[in-house]
Amino acid sequence: MKTRLIFVAAMLMYVAILSAQTRVVAHRGYWKTEGSAQNSITALMKADQVQAWGSELDILQTADGVLVVNHDATIGENKILIEDANYADIKDIKLSNGETLPTLKEYMKAFKKCRHTRLILEIKQHTTDEKMQRATRAVVEMVKKMKIGKRVEYISFMPVICDEVLKCDPSAKVAYLSNKLTPAQCKERGYTGVDFHYSIFQLRPHWVKECHDLGLEVNCWTVNSDAALRQMIELGVDIITTDVPERAAELIKEYESKK
Ligand code: MG
């Protein structure tokens with residue numbers, strides 16, 4: 001009886017994966033819109049307004065331990081290396097939309113007001129494993145404190161970061177961003193998904209099925225042209241990360257209506 005129930009549950013999950021609609025993640029928030037900027041709190045709120053399934057952001061940690069939301073390792077006209085700076089040295093830097101550089105804490109507080117989107121937290125490369133592990137522990141700790149664990153997922157180009165996330169929270173959803181590991185290797189390390197550049201799936205379209213057979217979720221970045229968006233939707237990826245979330249949603253709708 002128990003075996004049969006497990007079999008039925010597995011089949012239902014398989015059918016759900018097969019028929020699930022592709023979801024959209026706004027890359028660095030929805031920034032290609034009036035008044036917004038990459039990795040700004042405005043971009044997060046705009047991603048929520050257009051009901052993007054997820055809103056991605058980039059995280060780095062200062063020397064004195066403050067987590068900030070920024071893509072590049074350096075910031076400002078003087079190209080200050082964030083991991084070597086104290087927060088006081090960079091806290092007044094403005095984004096292109098006039099917003100002040102957000103801390104992760106401020107970003108998460110704003111996120112608590114969001115009704116639709118979830119956070120896709122990219123923890124960026126720092127110069128040493130120790131720094132990356134310290135930053136990762138601090139991010140996971142903050143997620144726990146803010147009680148938003150069910151609405152966040154983690155991504156990183158660095159296996160050391162993905163591994164540390166799972167060490168801190170074995171139930172976390174973690175996807176690896178580079179194709180230096182194969183889907184099977186990602187699965188072995190306990191990751192729940194892959195998040196590869198879409199050209200990888202153009203070269204190896206069979207990896208989508210391979211990932212699904214392994215029980216891995218498939219995300220791809222950063223898909224912006226109509227042609228590439230259509231291609232990824234037709235390939236059956238689970239998630240598309242894009243700078244044009246509204247257009248991606250339109251094309252998914254179009255594809256679904258023709259099914
Ligand atoms: Mg990113």
Side-chain angles (χ1 to χ4, degrees), residues 23-33 36-48 52-62 67-75 81-83 93 95-97 99 101-104 106-108 110-111 114 117-127 131-132 135-136 138-140 142-143 148 151-162 164-165 172-181 186 191-201 217-224 228-229 232 237-245 248:
R23 291 161 270 154
V24 175
V25 168
H27 179 237
R28 305 180 195 170
Y30 188 12
W31 60 273
K32 272 194 166 185
T33 182
S36 193
Q38 293 187 5
N39 281 313
S40 64
I41 287 174
T42 306
L44 166 65
M45 302 324 271
K46 298 238 183 206
D48 192 54
W53 175 80
S55 187
E56 188 254 3
L57 64 146
D58 302 297
I59 304 163
L60 285 150
Q61 190 174 39
T62 63
L67 297 162
V68 295
V69 182
N70 195 64
H71 179 266
D72 294 349
T74 61
I75 192 164
L81 188 62
I82 293 175
E83 66 170 62
I93 289 177
L95 309 184
S96 63
N97 67 342
E99 243 179 69
L101 170 73
T103 62
L104 184 62
E106 289 162 348
Y107 211 92
M108 285 185 179
F111 171 66
C114 292
T117 203
R118 56 178 45 221
L119 280 187
I120 311 299
L121 304 162
E122 181 181 351
I123 306 172
K124 302 299 287 185
Q125 182 173 8
H126 296 60
T127 54
K131 283 180 181 179
M132 289 190 272
T136 304
V139 174
V140 178
M142 194 175 283
V143 166
I148 54 171
R151 295 172 63 205
V152 308
E153 299 189 8
Y154 299 86
I155 56 175
S156 185
F157 279 98
M158 308 305 293
V160 66
I161 290 175
C162 295
E164 191 67 22
V165 168
K173 291 193 78 177
V174 183
Y176 178 58
L177 283 165
S178 154
N179 64 325
K180 285 180 190 158
L181 297 176
C186 289
Y191 307 162
T192 54
V194 301
D195 190 353
F196 296 152
H197 189 264
Y198 70 92
S199 62
I200 302 302
F201 296 115
E217 264 198 327
V218 178
N219 190 342
C220 54
W221 52 274
T222 303
V223 195
N224 291 334
L229 283 165
M232 291 302 115
V237 301
D238 303 298
I239 303 161
I240 288 177
T241 302
T242 178
D243 292 324
V244 289

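Start at 1 and go down the list; that is how both ligands and their atoms are numbered. Worth knowing before you read on, the calculation uses all heavy atoms, side chains too, and leaves out hydrogens, waters and symmetry mates.
The nearest N/O/S atom of D58 to the Mg ion (ligand 1) is OD1. Checked against the Mg ion (ligand 1), the N, O or S atom of E122 at the shortest distance is OE1. When distances from the Mg ion (ligand 1) to the N, O or S atoms of E56 are compared, OE2 comes out shortest.
For the side chain to side chain donor-acceptor pair (under 3.5 Å) with Q38, the qualifying choice from K32, R28, H71 is R28, the only one to do so.
In this structure, a donor-acceptor pair under 3.5 Å is absent between the side chains of D48 and S55.
The CG atom of L121 sits 11.0 Å away from atom OG of S156, with the distance rounded to the nearest 0.5 Å.
At least one donor-acceptor pair closer than 3.5 Å links the side chain of Q61 to the backbone N or O of A135.
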